[in-house]
Amino acid sequence: MAQTLFDQSAETVARTLIGAELEVDGVGGVIVETEAYDVFDPASHSFVGPTARNAPMFGPPGRAYVYRIYGLHWCFNVVCDAGQPGSAVLVRALEPRTGLERMRERRGPLPPEGLCSGPGKLCEALGIDGSLNGRPLEAAPFALRLHVQPPALVQGVRIGISKGAETPWRFGLAGSRFLSRPFPAVAATA
DNA sequence: GTTCCGATGTACT
DNA sequence: GTACATCGGAACG
């Protein structure tokens, strides 16, 4: 069979996931912001080699890597592997489409823009926690549908990291109101 | 609008 | 003890 989406580099997967629809137990929406991490990247959890925490990043592609950050929040990643284990894509924001009431039960009575506009918020809204770590995205409770038409992307440096801060591996859906933070204005033409 | 800061678990020095 | 792929609230302009 043809190579799957996840048998590609983190950067490619991060680009391709923009515009895809992600649901967890029927609650979700359109992915509008992602970041790529790979094993050669000092910002990546996998940079130090396999450990107990990052084990899913070195496992089969197409699975979830969920970890706790700052002791309070969860972050959701999709493991990928283009022949070199240790890469993943952090899903940072999505545009809510289904299960808004359920999201508000978990997050509070927020407007749609506030429900999933950040990696920690998204996990809370979708009910993602450590129990989903390592689970395949092709099986319940996950559902992932790729976009038909590739959307227009914006690109920038990643957020909240100190090492590898120059690497422009953050991707967003152009013009989206559902981002965790705006992308810096881009020069008019390239 | 902005900046500052505390909460709190886990991995690592 | 320190550093985190964060968030929400307080204080300020």
Side-chain angles (χ1 to χ4, degrees), chain A residues 6 9-18 20 22 24 31-59 61 63-81 84-96 103-134 137 153-173 176-185:
Chain A
F6 304 111
S9 70
E11 182 182 358
T12 297
V13 175
R15 290 174 175 277
T16 308
L17 283 179
I18 299 294
L22 172 72
V24 178
I31 296 173
V32 298
E33 184 180 338
T34 59
E35 286 179 358
Y37 291 86
D38 78 18
V39 72
F40 305 112
D41 170 10
S44 174
H45 291 174
S46 60
F47 185 68
V48 296
T51 65
R53 174 174 70 161
N54 67 24
M57 288 187 77
F58 290 93
R63 299 201 180 188
Y65 169 45
V66 182
Y67 67 91
R68 217 192 245 293
I69 184 67
Y70 293 105
L72 295 159
H73 309 291
W74 298 98
C75 284
F76 169 72
N77 294 250
V78 173
V79 174
C80 42
D81 184 349
Q84 173 67 58
S87 43
V89 172
L90 171 69
V91 180
R92 288 191 52 92
L94 61 77
E95 174 178 340
M103 292 185 191
R104 291 198 176 98
E105 286 170 17
R106 293 163 172 156
R107 295 258 314 129
L110 297 165
E113 294 83 356
L115 288 171
C116 301
S117 49
K121 300 178 185 181
L122 177 160
C123 284
E124 186 175 29
L126 270 59
I128 295 172
D129 63 21
S131 70
L132 296 178
N133 191 31
L137 297 189
L153 303 186
V154 286
Q155 180 172 6
V157 297
R158 295 170 296 181
I159 292 178
I161 56 174
S162 50
K163 294 169 280 191
E166 337 73 33
T167 307
W169 276 0
R170 177 185 178 219
F171 301 94
L173 179 64
S176 175
R177 307 157 17 227
F178 300 89
L179 303 171
S180 68
R181 287 172 39 181
F183 282 73

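Convention: sequence-line order gives letters A, B, ...; per-chain numbering from 1.
The nearest whole Å value for the distance from the CG atom in A/Leu115 to the P atom in C/dG8 is 10 Å. Per the geometry, CD1 belonging to A/Ile128 stands 15 Å off C1' belonging to C/dA5, to the nearest Å. Distance CG (A/Leu90) to C1' (C/dT6): 11 Å, rounded to an integer number of Å. Across the protein-nucleic acid pair, A/Arg158 atom CZ and C/dA5 atom P stand 10 Å apart, rounded to whole Å. What separates NZ of A/Lys163 from C1' of C/dT2 is a distance of 12 Å, to the nearest Å. For the pair A/Met57 CE and C/dA5 P, the computed distance is 11 Å after rounding to whole Å. Rounded to a whole Å, the CD atom of A/Glu124 is 7 Å from the P atom of C/dG8. Spacing between atom CZ of A/Arg181 and atom C1' of C/dG8 amounts to 15 Å, rounded to whole angstrom units.
With both pairing distances under 3.5 Å, B/dT8 is matched to nothing as a Watson-Crick or G-U wobble pair.
Comparing B/dT8, C/dC7, C/dA5 against the side chain of A/Arg107 picks out C/dC7 as the nearest. Of the candidates B/dA7, C/dA5, C/dC7, the closest approach to any side-chain atom of A/His73 belongs to C/dC7. In this structure, of C/dT6, C/dA5, C/dC4, it is C/dA5 that holds the atom nearest to the side chain of A/Tyr67. Comparing C/dC4, B/dC12, C/dC7 by their closest approach to the side chain of A/Pro119 singles out C/dC7.
Contact check, A/Arg68 against C/dC4: no side-chain N or O comes under 4.0 Å of OP1 or OP2. For A/Lys121 and C/dG8, the shortest distance from a side-chain N or O to OP1 or OP2 is below 4.0 Å. OP1 or OP2 of C/dC4 sits under 4.0 Å from a side-chain N or O of A/Ser162.
Side-chain contact check for A/Trp169 versus A/Arg15: every heavy-atom pair is 4.5 Å or farther apart. Counting heavy atoms from C-beta on, the side chains of A/Ser87 and A/Phe40 never come closer than 4.5 Å. At least one side-chain heavy atom of A/Met103 sits under 4.5 Å from a side-chain heavy atom of A/Cys116. Considering only heavy atoms from C-beta on, A/Leu122 stays 4.5 Å or farther from A/Arg92 through its side chain.
Counting heavy-atom neighbours within 6.0 Å of A/Arg106 CZ, excluding the residue itself, gives a total above 12.
No N or O donor and acceptor, one from the side chain of A/Tyr70 and one from the base of B/dA7, sit under 3.5 Å apart.
Heavy-atom distances to DNA chain C give each of A/Arg53 and A/Leu110 a nearest nucleotide, and the one nearer the 5′ end belongs to A/Arg53.
Nucleic acid contact for A/Ser180: none, since no nucleic acid atom lies under 4.0 Å from a heavy atom of the residue.
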